[in-house]
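Worksheet: the structure to be examined is printed underneath.
Since we're looking at a predicted model, the values are computed, not measured.
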Amino acid sequence: MKAILNAFFFALSYFSIIPVFVKDMEINNQTYKYTLILLPLVGAILASIVICLNLLLNEFFHPLYSSFVVAIVYLALYGFIHTEAIIDVVDAWFASYSGKDAYKIMKESTIGAIGALYGFAFFLLKVGIITYVLYEKQYALFFIVCIFSRLNLIYLLGYFKFSKDSFLSLAFEHGGIFKLKIIALIYVIIAFILAQNVFILFVISLLSFYFILKVLDNKFGFVNGDCLGFTLEHTELVLLNIGLLLIL
């Protein structure tokens, strides 16, 4: 139980800006493994905060404005880290055409013009679709997408190789992942209770995540945290658009 709690606090502190007041947090391979299954829970927490804030702001402002504000809040709740990853990946993609080391480009503190423009354009698209979804009061869809985009990690990351000392390699280093995959189906069951067309969204989520990450893997010859952030963000964009089309 202590290992699971440590994993939860680690996931919350590492993948969101929500403060965690825990002293002497023990981090080991078990922590990394359990973090994978708790990432969808982090997504559910972020979605819940956004939805509650949207409902609150709707009492004081026009629903369209409220939805726009909380759409930006959602990205801010995880510190825009995935948006930063998008810029790094795009910079590395175009830099690789001139023979530059893609990994080094991703790790540089500066950003290129193409990456900045792409990141800004993506930000507008992401904020736009979240605003639309919340304005239409499709809270269940938003909640499910925030879960599914992170649920992909536990089901699909085993098909990719990461740096030996990375968090993801350490998470998959020991056994028990298959058991966690079975337990993770709880998220899918909850999603089925909340909305329709969930099976379609789940399949599209898995396919989108795998396809995008596979393209990056083939392009760079490796996948890392930046590639995962890029993939997660684009998967959410795909799911929100398709989900809204299915509903409307």
Side-chain angles (χ1 to χ4, degrees), residues 11 14-17 32 35-36 39-40 42-43 46-47 71-72 74-98 100-130 142 145-163 166-169 171-172 201-202 204-243:
Y14 195 81
F15 296 97
S16 79
I17 63 170
Y32 297 135
T35 295
L36 286 176
L39 284 180
V42 173
L46 299 183
I72 297 176
Y74 171 63
L75 275 68
L77 280 173
Y78 52 79
F80 298 97
I81 55 174
H82 305 319
T83 311
E84 181 185 6
I86 289 174
I87 296 173
D88 291 337
V89 168
V90 172
D91 278 341
W93 185 287
F94 284 93
S96 66
Y97 289 127
S98 58
K100 295 181 180 179
D101 189 318
Y103 186 82
K104 288 183 178 179
I105 296 296
M106 286 187 192
K107 296 307 174 183
E108 286 183 357
S109 57
T110 57
I111 63 174
I114 297 177
L117 289 171
Y118 186 96
F120 180 69
F122 183 89
F123 178 82
L124 292 178
L125 289 172
K126 187 72 178 290
V127 170
I129 189 59
I130 295 176
F142 180 69
V145 169
C146 290
I147 291 176
F148 279 3
S149 61
R150 293 161 175 82
L151 187 61
N152 291 318
L153 286 109
I154 191 170
Y155 286 113
L156 297 177
L157 291 190
Y159 297 100
F160 298 89
K161 291 184 178 180
F162 296 84
S163 171
S166 71
F167 147 68
L168 296 164
S169 290
F172 280 87
L201 284 178
F202 185 53
I204 293 174
S205 177
L206 292 171
L207 291 176
S208 297
F209 193 95
Y210 180 84
F211 175 76
I212 296 170
L213 196 57
K214 190 65 177 178
V215 168
L216 297 180
D217 189 19
N218 291 338
K219 176 63 178 180
F220 300 133
F222 66 87
V223 287
N224 59 5
D226 287 327
C227 295
L228 289 180
F230 181 97
T231 303
L232 188 151
E233 285 287 345
H234 284 77
T235 299
E236 284 193 349
L237 185 65
V238 169
L239 289 178
L240 288 168
N241 278 276
I242 293 179

Supply the atom-to-atom distance L46 CG to L75 CG, rounded to the nearest 0.5 angstrom. 10.5 Å
Counterpart residues, salt bridge (Lys or Arg N to Asp or Glu O under 4.0 Å), relative to D91 (two or more places apart): none
Distance, nearest 0.5 Å, that separates CD of E236 from OG of S208: 11.5 Å
Looking at V145, is its backbone amide N or carbonyl O close enough to the side chain of S149 to form a donor-acceptor pair, meaning the two atoms are under 3.5 Å apart? yes
Only residue of D88, L216, I87 satisfying side chain to side chain contact (heavy atoms under 4.5 Å, CB included) with D226 is D88
Mind checking whether T231 and V89 have side chains closer than 4.5 Å, heavy atoms only? no
Using salt bridge (Lys or Arg N to Asp or Glu O under 4.0 Å) as the criterion, list what pairs up with K100, not counting sequence neighbours. none
Partners meeting salt bridge (Lys or Arg N to Asp or Glu O under 4.0 Å) with E233 (sequence neighbours left out): K126
Run the numbers on Y78 and V42 for side chain to side chain contact (heavy atoms under 4.5 Å, CB included), then give the verdict. CA-CA 10 Å; Y78 52 79; V42 173; over 6 Å; no
Distance (rounded to the nearest 0.5 Å) between L207 CG and K214 NZ: 14.5 Å
Minimal heavy-atom distance between G43 and C146, with the atoms involved, is O-CB, 3.5 Å
Shortest non-hydrogen contact from G243 to L201? CA-CD2, 3.9 Å
Taking all non-hydrogen atoms of both residues into account, name the closest pair between M106 and C227 and its distance. CE-SG, 4.0 Å
Check for me whether the distance between the ring centres of Y103 and F220 falls short of 6.0 Å. no
Determine, stepwise, if the pair I129 / L125 fulfils side chain to side chain contact (heavy atoms under 4.5 Å, CB included). CA-CA 6 Å; I129 189 59; L125 289 172; over 6 Å; no
Exercise: identify the closest heavy-atom pair between A11 and T35: CB-CG2, 3.8 Å
Between atom CG of L206 and atom OH of Y155, what is the distance when rounded to the nearest 0.5 Å? 8.5 Å
When you look at W93 and I105, which way does the side chain to side chain contact (heavy atoms under 4.5 Å, CB included) test go after all the steps? CA-CA 9 Å; W93 185 287; I105 296 296; over 6 Å; no
CA sep, side-chain torsions, deciding dist, call: H234, I86, side chain to side chain contact (heavy atoms under 4.5 Å, CB included): CA-CA 9 Å; H234 284 77; I86 289 174; 4.1 Å; yes
Flag side-chain contact, heavy atom, 4.5 Å: L157 against F209: yes
For S98 against A95, the heavy-atom pair lying closest together: OG-O, 2.8 Å
Flag, side chain of D217 to backbone of L213, donor-acceptor distance under 3.5 Å: no
Do N152 and S205 have side chains that get closer than 4.5 Å, going by heavy atoms? yes
pair F122-V90: side-chain heavy atoms closer than 4.5 Å: no
Using side-chain heavy atoms (C-beta onward) and a distance below 4.5 Å, is L151 in contact with F202? yes
For F142 together with Y74, are the ring centres under 6.0 Å from each other? yes
